[in-house]
Amino acid sequence: MSNSADFQSWVHARQSRIESTLQNVLPASEIAPQRLHQAMRYAVLGGGKRVRPLLAFGAGELAQADPGRVAIAGAAVELIHAYSLVHDDLPCMDDDVLRRGKPACHIQYDEATALLVGDALQSIAFQLIADYRLANDSATQLDMVKLLAAAAGSRGMAGGQAIDLEATGKSLSVPELEFMHIHKTGALIRAAVLLGVRCGASLNERELAPLDNFAKCIGLAFQVVDDVLDAEASTATLGKTAGKDAQQNKPTYVSALGAAGARSFAEELRQKALQGLDGFGDRALRLRELADFIVLRKF
Ligand code: GRG
């Protein structure tokens with residue numbers, strides 16, 4: 001992580017903004033059905049690094065976007081992410097009891113509630129993009145809906161999860177691993193960057209290409225580092241059960257390349273991500289710092 005105090009305070013300010021946006025867009029716990037709304041708030045609020053919204057903010061700054069718009073777009077992505085974590089923890093998927101340092105949603109509530117929490121969070125995400133004016137023109141705003149839908153669906157995150165479930169107990173080649181992770185983790189991270197950009201001034205193809213490259217490389221790097229942390233960090237540090245990949249015999253970058261090989265692949269991806277950002281000068285400062293954070297993080 002870039003240790004600059006300036007970056008740290010940028011991150012904290014945006015994490016607080018996302019937290020309050022999420023607080024406001026989630027139905028209050030007192031509104032019926034209370035238990036579902038309580039569980040939704042339990043799953044989303046007060047935890048997580050908020051990496052996806054931070055990337056949206058970084059990309060939004062590059063495109064000189066209104067931060068209020070980016071907060072909504074970032075919250076939409078975070079709600080999809082939170083839904084995926086709730087469903088991923090269910091016994092029919094990754095079967096875990098701990099998430100963000102507390103009991104997983106289906107442990108704290110029950111499985112049926114956790115299923116509905118995921119469904120409802122996904123709906124709110126799309127409702128946000130429909131309800132708020134986020135882009136300068138309606139064609140761009142419609143494009144944002146399509147972008148998020150594609151990233152979350154069977155040709156994005158949900159498809160990646162299907163591949164992940166099928167791959168358990170098998171060994172995958174590095175290109176097969178890459179295909180799985182580009183979908184499971186990379187698609188939503190890429191969407192976060194591209195949605196942040198679309199909240200701002202319209203960029204031409206020559207400007208968009210390096211940003212898309214950044215988004216794709218950093219999305220994959222995030223997962224490579226996640227594999228290393230699963231193998232090397234503790235449950236207490238991660239706030240989720242460590243060592244699960246090996247325990248469940250899942251193919252990962254660590255099983256394919258070894259921990260050191262996976263770390264150097266993540267570094268290679270970071271450098272590839274940064275290629276092409278130079279032309280943006282200081283406007284890309286936060287994206288560069290976030291790339292460092294994603295690759296060097298310890299949690
Ligand atoms: C259930 C449709 C469906 C998809 C699930 C995201 C996902 C797909 C599963 C989560 C399991 C997992 C370990 C994914 C790989 C990396 C990842 C997304 C880790 C969690 O994201 P962080 O580190 O979590 O951003 P926080 O808690 O900080 O938000």
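Just so you know, these numbers use all the heavy atoms, side chains as well, and skip hydrogens, waters and symmetry mates. Counting convention: from 1, in listed order, for ligands and their atoms alike.
There is a side-chain donor-acceptor pair under 3.5 Å between D96 and T241. In the model, Q275 has no side-chain atom that pairs as donor or acceptor with a side-chain atom of N213 under 3.5 Å. Q271 and E267 share a side-chain donor-acceptor pair at under 3.5 Å.
Per-residue contacts place D226 under 4.0 angstrom from the following atoms of ligand 1 (heavy atoms of the residue considered): 13 (C), 15 (C), 16 (C), 19 (C). For ligand 1 and Y83, the ligand atoms under 4.0 Å from any heavy atom of the residue are 2 (C). For ligand 1 and H87, the ligand atoms under 4.0 Å from any heavy atom of the residue are 1 (C). In summary, the atoms of ligand 1 found under 4.0 Å from a heavy atom of G48, numbered by their order in the structure, are 26 (P), 27 (O), 28 (O), 29 (O).
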Report task. Kindly indicate, with the supporting measurements, whether the criterion side chain to side chain contact (heavy atoms under 4.5 Å, CB included) is fulfilled by Q248 and D94. Result -> CA-CA 9 Å; Q248 295 183 329; D94 202 38; 2.8 Å; yes
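Of all the heavy atoms of R50, none lies under 4.0 Å from any atom of ligand 1, so neither backbone nor side chain is involved.
For atom 9 (C) of ligand 1, the closest non-hydrogen atom on the protein side is D88 CG, 3.4 Å. Looking from atom 8 (C) of ligand 1 to the surrounding protein, the closest heavy atom is Q161 OE1, 3.4 Å. Summary of contacts: the protein heavy atom closest to atom 17 (C) of ligand 1 is F222 CE2, 4.1 Å. Remark: minimum distance from atom 12 (C) of ligand 1 to any protein heavy atom is reached at K184 NZ, 4.0 Å. Among all protein heavy atoms, the one lying closest to atom 27 (O) of ligand 1 is R100 NE, 2.9 Å. What sits closest to atom 7 (C) of ligand 1 on the protein, heavy atoms only, is S84 OG, 3.9 Å. Of the protein's non-hydrogen atoms, the one nearest atom 16 (C) of ligand 1 is Q223 OE1, 3.3 Å. Here the protein heavy atom with the shortest distance to atom 24 (O) of ligand 1 is H81 NE2, 3.5 Å.
Between the side chain of E111 and the backbone N or O of H106 there is no donor-acceptor pair closer than 3.5 Å.
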For a quick test of your reading: what N or O donor-acceptor pairs under 3.5 Å do the side chains of residues 194-203 make, sequence neighbours left out?
| residue | atom | partner | partner atom | Å |
| --- | --- | --- | --- | --- |
| R198 | NE | D143 | OD2 | 2.5 |
| R198 | NH1 | L194 | O | 3.3 |
| R198 | NH2 | D143 | OD2 | 3.4 |

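Both the sub-6.0 Å distance and the 45° axial angle are satisfied by R297 relative to the ring of F222.
Between H181 and Y253, the ring planes are tilted. Angles from 30° to 60° get that label. Between W10 and F7, the ring-plane angle classifies as parallel under the 30° and 60° cut-offs.
Within the structure, the closest approach of H181 to ligand 1 does not fall below 4.0 Å when heavy atoms are considered.
Closest heavy-atom approach to atom 18 (C) of ligand 1 within the set M157, K49, R52: this belongs to R52.
A salt bridge links D88 with R99: the distance from a Lys NZ or Arg NE/NH1/NH2 to an Asp or Glu carboxylate oxygen falls below 4.0 Å.
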